[in-house]
Amino acid sequence: MKKILIIEDNQKIREELSVFLSQNGYFCEAPAGFGNVIESILADPPQLVLLDINLPVCDGYHICREVRKQSSVPIIVVTSRDTELDELIAMNLGADDFVTKPYNTQILLARIAAVLKRAFPDSANDRLICDGFSVSLSKSTLDHAGRSIELTKNELKILSCLYERRGAIVSRNELMRYLWDSELFVDDNTLTVNMTRLRHKLEDAGLYQVIGTRRGQGYLLQ
Amino acid sequence: MKITDFLKDKIPYILSHLTVILLTVSMLVALNPTGGVPFSLLAGSLYLAGALVPLAMEFYRKQRFYDLLIRTYDQMDRKNLIAEMLRVPDFWEGALLYDLLRGTNKAYLDEMSHLKNQQTEYREYIEQWVHEIKTPIAASKLTAQNNRSAATGRIIEDLEAIESYVEQALYYARSNTVAKDYFIKEIRLEAPIYSVLKQDARQLIEAGMAVSAEDLDITVYTDSKWLEFILHQLIINSIKYAAASDPRLTLSAQEKANCCLLFVADNGLGIPANELSRIFDKGFSGTNGRLRGRSTGMGLYICHKLCDKLGIAISAASVYGCGTTICLTFPKSAMTHIV
């Protein structure tokens, strides 16, 4: 499990962010003191640092600069200052990404995942193991009984979204938000078409009733 | 300064001298000196010349000063600085005027800088306040997200609305000051567009909006944060005034010889033709705003101001009942290629 260090002076945000990231499969550490942040990052480096800029003792830019002198640990700067200049300063000091408050949590998760993927390319969890079949994320294929079926980007995303929340109902809107990619904007019809195609592919592979429908509520991976 | 105007001003002087000359000449004629009438006329002419020379000199001096004053004034961009452009005139009245002008100018500049300071202070406060309020909003959003239920879902919606209004206040404060706090650089048009569409994804999905963004691989020179704010306002408007069935939002761009056009088009309610010219006015909410009851008339007004500062032209076209298209025109001069 990846360890994320949250450097944030607001207690509520610190706690809620820890809970939120823990729910999404990360191990979080959120120190309440800011006296020796730099030393603790260097002594026990996490896989990623979420760094606020306005901090007591010394500001985030300083921490960023000092840490960068000795370590290449991925740093995402999180701040309520949102001008281009702030972003530029953060990037120049060696931050890997820049997210402004109040962040959209989905975007924050996506940025964390992207930065981690860049920093640790091999360790990414590549395979979703489901009941009776598995999915390869890097090859975008569905493997079942020795056969391999190609999946499109959207089909892969639908499966991974349902997989992340397996056993629970995922509403159509939630699925659409998950699919809503930077260059592909999904509407209701697109989702229906993709879902139908995915089910056909699963049935072709001999997998029936894998994705259940709850009328008026959404879908569910058994 | 025209000679007639000057002479009009000198009527009492001229009249009194003419009277004196007439009386003197007639007295001389009556006394019948040895030179006779020609001598009397000669004396009169000498007197006349003596009276005219200072008049002519005065006219020349004043004309030189006032003509320069008027010409400079007409050419000046900031008329209040006129006193700075003058030489001290060599006649008393002019010197007095000059001193007074300088005095008023100084008083005016003092007042201006006082107001400017006040405005800057106010803006700095707003900016600070906005950053401060973002922390509790972020905290509440996280709390709500960690405790998912129908109720927190609705709270998140409202928190996002608050966020959007807070952002609006920040940009309103920014749009009003002379300080230049934007940062123009080369960007690909699609980057801010995709970023905003992602930010507004939830609202777009909930509105059932079919979004398409095409032909956006164009380079423009602008501040992407400001552009994102403007686009957010436009998208929120499209959602607010969306069509009841099959709502669509289309973003597209066109590259022209000396500019680049970005179209944000929807198939929503549209704007009545007679209101189209006023939609960028402050506080104008229009028929749609009144019908839907949620318009403050600020969004497009702020967009317009920000566009002005960034040098982007913003215009709207609409067919009432069929949709609205907002067009942003980014300049692309020879200058921008050098940057």
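Since this is a predicted model, take the numbers as computed values, not measurements.
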Tell me, side chain or backbone of [X] under 4.5 Å from chain B's heavy atoms, or both, or neither?
X	value
A:Gln11	neither
A:Asn10	side chain
A:Ile107	side chain

Strictly by modelled atom types, are [X] and [Y] linked by a side-chain donor-acceptor pair under 3.5 Å?
X	Y	result
A:Thr190	A:Asp187	yes
A:Arg199	A:Thr213	yes
B:Glu132	B:Gln128	yes
A:Thr105	B:Gln145	yes

Max heavy-atom pair count under 4.5 Å with chain B, selected residue of A:Arg172, A:Lys12, A:Glu87, A:Lys101: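 Answer, by heavy-atom pair count under 4.5 Å with chain B: A:Lys101.
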Tell me, for [X] versus chain A, whether the close heavy atoms (under 4.5 Å) come from the side chain, the backbone, both or neither.
X	value
B:Leu170	side chain
B:Glu163	side chain
B:Glu228	neither
B:Lys134	both
B:Leu204	side chain
B:Ser195	neither

Pairwise side-chain contact, A:Tyr61 with A:Asp86, heavy-atom cut-off 4.5 Å (strictly under): yes
Closest-packed option against chain A by number of heavy-atom pairs under 4.5 Å, given B:Lys225, B:Lys185, B:His131: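 Heavy-atom pairs under 4.5 Å are most numerous for B:His131.
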Chain A interface, residue from B:Leu197, B:Ile193, B:Ile137 that has the most non-hydrogen pairs under 4.5 Å: B:Leu197
Aromatic ring pairing B:Phe229/B:Tyr171, orientation class (parallel under 30°, perpendicular over 60°, tilted between): parallel
Residues, nucleotides or ligands: over 12 heavy atoms within 6.0 Å of A:Lys3 NZ: yes
B:Thr219/B:Ile187 under side-chain contact (heavy atoms from CB on, under 4.5 Å): CA gap, chis, key distance, verdict: CA-CA 6 Å; B:Thr219 303; B:Ile187 57 164; over 6 Å; no
